[in-house]
Every structure is written in structure tokens, then in C-alpha cells.
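Order of the sequence lines fixes the chain letters, A, B, ..., with proteins taken first and strands second; residue numbering starts at 1 for each chain. For clarity, every value in this text was computed on a predicted model and none was experimentally measured.
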Amino acid sequence: MYAYIIRRLLMLVPVLFGVSVVIFFTLRIIPGDVAQTILGTDATKESLAQLRKDFGLDRPVIEQYITWMSGVLMGDFGESMTTGREVLPDILNRFKITFELTILSAILSWIIAIPLGVIAGIKRNTKTDFTVRIVSLLGVSIPNFALATVLILILALTFSYSPPVGYVGFFEDPIRNLQIMLLPSIVLGTAMAGAVMRMTRSSILEILRQDFIRTIRAKGAKERLVIFNHALRNAMIPILTIIGMQIGVLLGGTVIIEQIFSLPGLGQLVLTSINQRDFTVIQGAILFIAFVFVLVNLLVDILYSYLDPRITYK
Amino acid sequence: MKPLLNIENLSINYMTNKKDFNIVKDVNIKIDERMKYGIVGESGSGKSLTSLAIMNLLPEVLKIQEGSIELNTDSTKDLANISKKEMRKVRGREISMIFQEPMTALDPLYTIEYQLLEVLKIHKTYSKKEMYKIGVDMLKKVGIARPDQVMKDYPHQLSGGMRQRVMIAMALICQPKLLIADEPTTALDVTIQAQILDLMNELSDLHNTAILMITHDLGVILETCERVAVMYAGQIVEESTVEKIFEEPAHPYTKGLLSSIRSLGNKSEELYSIPGNVPTPDQYQELGCRFATRCPYAMDQCFNQEPLMYQVQDDHLSKCWLHVEEGRANERSSERTRS
């Protein structure tokens, strides 16, 4: 098991290398210029050239890559071209918010989706099942931004609510933090819940048809035991796959939701730095997101083997 | 004395909002305590459904339409008409079941220990230590050499034969009065089949458990059972002791089945097979005998009127018009000799 984890971690090296190459060279190809953004449209050619030289953007691309990469390997992601702040602490700060948002939405979605999915699976083709299926279909198909806007509107009109401005960390002021995070989490959680519900339902249905479920019923077990100890646990594997993917994606930042609720998360950082062509920040952030994605996948794979004894890694 | 299990006029229908047709019809079976009873028939003959009906484990679309399933243990219960809660007390404790596919009949995510002792946990109140000891003893009884190791194993780590042994241990651990074995050896290697049958016989004698053996294999019946019911298209067509069925089969279907077994003697001859296929429930004739379309002796009457169970001899029933005809012929000849 440990050897497997180490091997998987080693596989990070080629993955991250590939990501770094792609993002680095794509950025150099797309039009736009950080010097222009900083100095504005009135800047003279000389000052623009000078600033580019300061950033090292006049040197050959390969050379720029090597300089950047050797820094990254030493743990130095460089400084932001626009703010001058160090990139890595900035990313980590933003990631905290994205991480909290992801975890909250995930937990909210599980609380709703898994029980409802199980119920729909057990009561297949009844009114309950149809209701759950319609709700989950809505959850999957309503765009985030629409749901977010509608929710804010409803709350604003009925409770004269206004989205809080400015982020407060959970450990500074938990209540205020939750006030800020709850609404975006509900919006993101709804979409996640839709997919998880559908997967739970079909997975439970599949398992309930299996022979071993009949064996357990033949033992005289109560339905509760059949469903929770046996059916749900067996059904968890495909559900886990979906959950893992959702979390991996969300940890990369949710641009639109962060914009609507003015949360300074990872998505917002990437968006602004792309707009400003702040190469060092984009490169650092993308590399970090890829790293997190691979880690989440590894975690899911480890959880598989914990859930299912047939899955072993050597 | 009342029989342990008395199934009377059991009919099972396939019922949805759109369709409703009969699948199993008028099944009558009596199983005494410690008896080994066999139901033999092709796939689709309704033998497995009959066994699932006893356990109240029929799929949702199938319903018991008529009849009673009386179980006489400490008290008398009608399993065709019993609350879910009462039925749960019967399952695993008074009647238990072994299924055809040992490969899929165990939950892949739990150890043998968990699944074996689960039955005990549901029905009995032993301490953990006692339960473990009972489990290990039971595994020893079913011929598992290293029970402590197997307790820790997961189903995928065991062979098919081993899993079926575990299934038998699981079925007998609460010492039920009746063990239903639905094709218990079909999925196993031939060499293992005999071992499993011997084991079941041995343990049922030891625990005074009656066996209801469901199989398509006449060999299995011959090896294990005392009485046998031959099922065709959802009905019992012949019922008697194993000896009578094998030596003097009365129903044309049973005769056909028996002649389609290869024996060492008739190597050179072509193997007999009953012409046609088993009808599916929607093809069952409303009137007449369900076997008529494939029967070499079919008469007009067979297509118009359903035959009754006819007592061919003591303790031997057969559902065929031929016997009535024979009876009349005999009567006529005896009349002639008298006159």
C-alpha cells in the first residue's frame, strides 16, 4: 500500500511537468501583454520594452521556462508581475477559501443526495422516486449562476438580504464566515447533489438486484440492515468516483460563483491574473490546481481499497 | 402428525398494471420432518419460484394468487399469509436457503466471519466469543480445513466449492427445520458436486433438517431425495417416491426426461430429446394440458380440458388423461371377462 502511494506520488512528476509545459507555452502564444496592462495604453515603447526586460520576457522562451522551473523546483514560484507579491502564499490564501467552499458544498450535497438517492432506488417507479428524479434533474440542469442570482433575489426581496461584502476567515469569526459561505455552498451543493442523487439511485438499484442481497434477506435481516450495511456500502464505489471528480473540479476554483458572491477564491485569482496576463500567477495557480487534482484522485483510489477488499494496490 | 411444510393449491401470478398471467398453478407438496424432497424440472418450470414463494422472496411483480404454505414448527404458520416481521423470524431460523451461484451469493465487501455470524446476530443472543466459536465449529462441520483463516477471508479469496460450503454453514448455523437448496451444485465442478451433496445429506441427518432440493438434474434427485415432484410449465405433473418415478414413470413428460439421460448402456443410440421447447407463461394454454403441444401421446381431449391429478397407484400421482383412458380400457376389459 505505502509503496503504491509513493509510486503514485512519483507519477506526479511527469504530470506536473506536462502541465507546466503546456500552460507556459500557451501563455506565450496568446495575445496580450502584462507590460501594457500595468503601464496603460499611453505608455511609450521604451518604457514597455524596459518593463518587459525587467520581467525577462525579452529572453528566449526556453530560457524563461528554465529560469521559472528551476525556481519552482526550489519552492520559489516567483512574484506576481502586477502586485509584486510572492505567488505561492497568495495561492495558498485563496485556496483556503476555495477549499472551505468545496467541503461545505460537498457535505451539503451528500446530506441531501445520498439519502434521497437511496429512497428513490428502494421506491423505484413510485411518486417519491419520480419527485426525486425531477429534483435531481433540475439540480443538474439549472446553471449555477442562474440559481445563485435567483436565490439572492428571493432573499433580497423577502428578507432584504444583501450578499455580505468582504471575506472573513472561519477561525476569525465562524458565524460570519458561515453567513458568507452558506449561500454559495448551497448553490454549488445543489448541482453536486443532482449528480450524486442520480448515481446513488442507479447504483442502489443495480446492487439490490444482486444475488447476495437475496441471501441477506433469506437470513431474516431487516430491510434497514439490508440497505445500509450491504446495499449502500456496495453502491458507494461509483458514487465515490463521482464525488471525487466533483471535488477535484471544485478545488480548482469556481470562477462564476466566486464572482457573484465576491469571494476571493482560487477561481477569482486565476481569472484576474489571466485578464492581466500575469504569467507567474497563472502558471503557479494552474500548476497548483493540477497538483491538488492528482492528490484528490489518489485519495479516491485509496478510499476504493478501503471500501472494497477486492481492490488492492501493490 | 402434521407435515413440516404443507403447500396446498399454490398459484403464483405475474402481475403488473398492464398484464396478469398465471405462472405457477396448483402446486401441492407435503414435506415431513427430516424428509428429503426434490422438485425437478427444466428452467422455467416454476421450481425456483415455488421455493422463493416459501421464503416470501418473490420478486415484486410476482404474487401468490391462491393457496397456502403451512409451516408446522413450534407453532403453525401460513407463509402465504404472514406479516413481514413474522416472516423475518422464519427466514434463516426455521427455513434457510442455499442458492445456485456461490460466486455472487455472498456480499463481496464483508468477511466470512461477518456474514456467517450475521445470521446468529439476527436470531440469537450469544456473546461475541460464543458466536465466534459456533461459527468456527460450523465451518469445521462443512469440511473447511482452516476455519480460523477462512473466517478472516473475503468471498473472493475462496474457491466456488469453498463458498458453497460457507453458504451451507450459514444456512445451517441456526439449525433450521427446513433447508431449501436451489440448484446448489449446478455452478460447481462435477467432482465438487458429489462432495457438496454428501455434505448436505450428512448435515441434514445430523441436525434433523429436512431438505427441499430444487434441481434440473435427475442424478441429484436420485442421489439425495426420498420423494420427488416433477414440474412442467408451472405445474406438478407427477409426484411420488424417487423409486417409483425412476422405475415406473407414468407421465409422458417424466418418461421423456428419463429417456433423455445418457446411460453407459445405450452409448451407440442417439440421445432422446423431447421435441419442442418449454412454453413461456404467456404461451400456456387456457384449457387443456400444458404439455400437450410436445406430448407424443396427445389426444383431442388434451387440448380442450385440463387433466386432473390421477392416482396411478398407491402414493403415485400423475396429471395425464392417458391414465383415465387406461382406467376405462381396464374397466372395459374386466367387464368383458366378467360377461
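Contact count versus chain A (heavy atoms, under 4.5 Å) is highest, among B/Ala105, B/Cys174, B/Gly92, B/Pro59, for B/Ala105. Contact count versus chain A (heavy atoms, under 4.5 Å) is highest, among B/Val90, B/Asn56, B/Ile122, B/Ile95, for B/Ile122. Of the listed residues B/Val119, B/Leu106, B/Thr104, the one with more heavy-atom pairs under 4.5 angstrom with chain A than any other is B/Thr104. Contact tally against chain A (heavy-atom pairs below 4.5 Å) for B/His123, B/Met103, B/Arg93: the top residue is B/His123.
Two residues are said to be in side-chain contact when any heavy atoms from C-beta on lie closer than 4.5 Å; B/Tyr114 and A/Asn229 meet this criterion. Annotation: side chain of A/Thr215 is in contact with side chain of B/Met167 (closest heavy-atom distance under 4.5 Å). Using a 4.5 Å heavy-atom threshold, the side chains of A/Arg233 and B/Asp107 count as separate. Considering only heavy atoms from C-beta on, A/Arg217 stays 4.5 Å or farther from B/Met55 through its side chain.
Other residues, nucleotides and ligands contribute more than 12 heavy atoms inside 6.0 Å of the NZ atom of B/Lys124. Around atom CZ of A/Phe291, no more than 12 heavy atoms belonging to other residues, nucleotides or ligands sit under 6.0 Å away. The environment of A/Leu92 atom CG is dense: over 12 non-hydrogen atoms of other residues, nucleotides or ligands sit within 6.0 angstrom. By the neighbour-count criterion of 12 heavy atoms within 6.0 Å, atom CZ of A/Phe17 is sparsely surrounded, having that number or fewer from other residues, nucleotides or ligands. A 6.0 Å sphere centred on CZ of B/Phe21 holds more than 12 heavy atoms belonging to other residues, nucleotides or ligands. Counting non-hydrogen atoms of other residues, nucleotides and ligands closer than 6.0 Å to OH of B/Tyr154 gives a total above 12.
Using a 4.5 Å cut-off between heavy atoms, B/Leu52 touches chain A through its side chain atoms alone. For chain B, the nearby part of A/Leu225 is the side chain; its heavy atoms alone come within less than 4.5 Å. Of the two parts of B/Gln115, the backbone and the side chain both hold a non-hydrogen atom closer than 4.5 Å to a non-hydrogen atom of chain A.
Residues of residues 71-88 of chain B lying within less than 4.5 angstrom of chain A, judged on heavy atoms, are B/Arg88 in numerical order.
Not a single donor-acceptor pair under 3.5 Å links the side chain of A/His230 to the backbone N or O of B/Leu109.
Atom-to-atom distance recorded for B/Glu60:CD and A/Asn125:CG is 9.5 Å, nearest 0.5 angstrom. The structure places CG of B/Leu120 at 10.0 Å from NZ of A/Lys219, a figure rounded to the nearest 0.5 Å.
Closest non-hydrogen pair, A/Asn234 versus B/Pro108, comes out as OD1-CG, 3.5 Å. Scanning both residues, A/Ala218 and B/Leu57, for their nearest heavy atoms gives CB-CD1, 3.9 Å.
Here side chain to side chain donor-acceptor pair (under 3.5 Å) pairs that include residues 289-307 of chain A, with residues two or more places apart or in two chains, are A/Arg8-A/Asp301, A/Thr241-A/Tyr304.
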